[in-house]
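Accompanying notes for the structure given below.
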Amino acid sequence: MEGEGEEQTSIWNKETVPKVMKIVSTRLAQRDLISLLLLSPWIHRTLISYPSLWLSIDLREMNNAGGRLIAALSLPRYQHVKQISLEFAQDIDDDHLEVIKSKCLGSLQDLESLNLNGCQKISDKGIEAITSCCLKLKVFSIYWNVRATDEGVKHLVKNCKCIVDLNFSGCKHLSDKSLQLVADNYPELESLNLTRCVKMTDSGLQQVFVKCSFLQSLNLYALSSFTDEAYKKISVLSHLKFLDLCGAQNLSDDGLSCIAKCKKLVSLNLTCLFGIVGVTDKCLEALSKSCANTMTTLDVNGCIGIKRRSRDDLLKLFPYLRCFKVHS
């Protein structure tokens, strides 16, 4: 009976465990998968045999993230990683990224997405090091990085030629030089977040409009410095679907009439806590003429020149509207 029991256990480990793991592993978060590796040699071998499980490294909000990242990239299973998230990870700095450049270069050849949101110890030096390893990078996010400057963006555009999604939100030291670099190097850019990039001006934004004509999503949240002048050339963005102008206090009907020429707009946010006095009902008419068949979300809360309307009246202007906010 003892021999029979050992045989059944062996069959379980060799046949049943791999089948179960194949089903279960696709439904688990990466951190849970890593925990499973420790349960038994059979589970370890089974999970390692599926390369598709090891295409991402998730170190969000974790301590000793720099050391953990170096250790992970040294493992064979992460040799083809495509996504790395270090969002608000602790203890990662330029030195860690320099080590990765010197010791783990080969592991990042297929990387497509890098999230460095909230990694405040990373500067231009670190950006240069990590981007030099990721030539196939498509998505780059450095939200709330107060050390990054135009020099960091210069390294990015030099090293990474395939970027389609950029998040510079909260990078308060970036200026029009960064916008010029983006415009000159990323003509196929699809998504750009410039939230609270307070050094940027109308002329810099116009360069993006003229040269990045494939933009689909543009976030200009909390940028009251931009005026109607910035939007004179926005109509070339024929693919633009999402536009966030929350806090655009200097926007008026003239600027919005230019924005209305973006005929594929689906979502437009004009919310302003202190009121956008230059935007009136005239803008809704302009938007309706161009975007009636695409607009599903329109937020004009704070635009005190726009009057209240009934649901039926709104649907006459925008028949596909699902979300509309005015004067909360």
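A donor-acceptor contact closer than 3.5 angstrom is absent between the side chains of Asn301 and Thr271. With 3.5 Å as the limit, one finds no donor-acceptor pair spanning the side chains of Asn250 and Thr227.
Leu73 and Leu53 fall within the same hydrophobic cluster, where Ile, Leu, Val, Met, Phe, Trp and Tyr residues are linked whenever their side-chain heavy atoms come under 4.5 Å apart, directly or through other members. Residues Leu174 and Trp144 do not share a hydrophobic cluster, defined by chaining ILVMFWY side chains whose heavy atoms lie under 4.5 Å apart.
Ile142 places a side-chain heavy atom less than 4.5 Å from the side chain of Phe168. Within the 4.5 Å cutoff, side-chain heavy atoms of Tyr320 are placed close to those of Asn293. Side-chain contact check for Leu298 versus Leu284: some heavy-atom pair is nearer than 4.5 Å. Annotation: side chain of Phe318 is in contact with side chain of Leu287 (closest heavy-atom distance under 4.5 Å). Using a 4.5 Å heavy-atom threshold, the side chains of Asp32 and Ile34 count as separate.
Between Leu135 and Ser132, the closest heavy-atom pair is CD2-O, 3.9 Å. Smallest separation of non-hydrogen atoms from Asp58 and Gln30: N-OE1, 2.7 Å. Between Leu47 and Leu33, the shortest heavy-atom distance links the atoms CD1-O, 3.9 Å. Considering every non-hydrogen atom in both Lys172 and Val198, the closest pair reads O-CG2, 4.1 Å. Nearest heavy-atom pair across Ile92 and Leu69 is CD1-CD2, 4.2 Å. Of all heavy-atom pairs spanning Ser113 and Leu137, the tightest one is N-CD1, 3.7 Å.
In this view, Asp184 and Lys211 satisfy the salt bridge (charged side-chain N to carboxylate O under 4.0 Å, His left out) rule, not counting sequence neighbours. Take Glu151 and apply the salt bridge (charged side-chain N to carboxylate O under 4.0 Å, His left out) test, not counting sequence neighbours, and it matches no residue.
Ion pairing between Asp110 and Lys136 holds under the 4.0 Å rule for side-chain N and carboxylate O.
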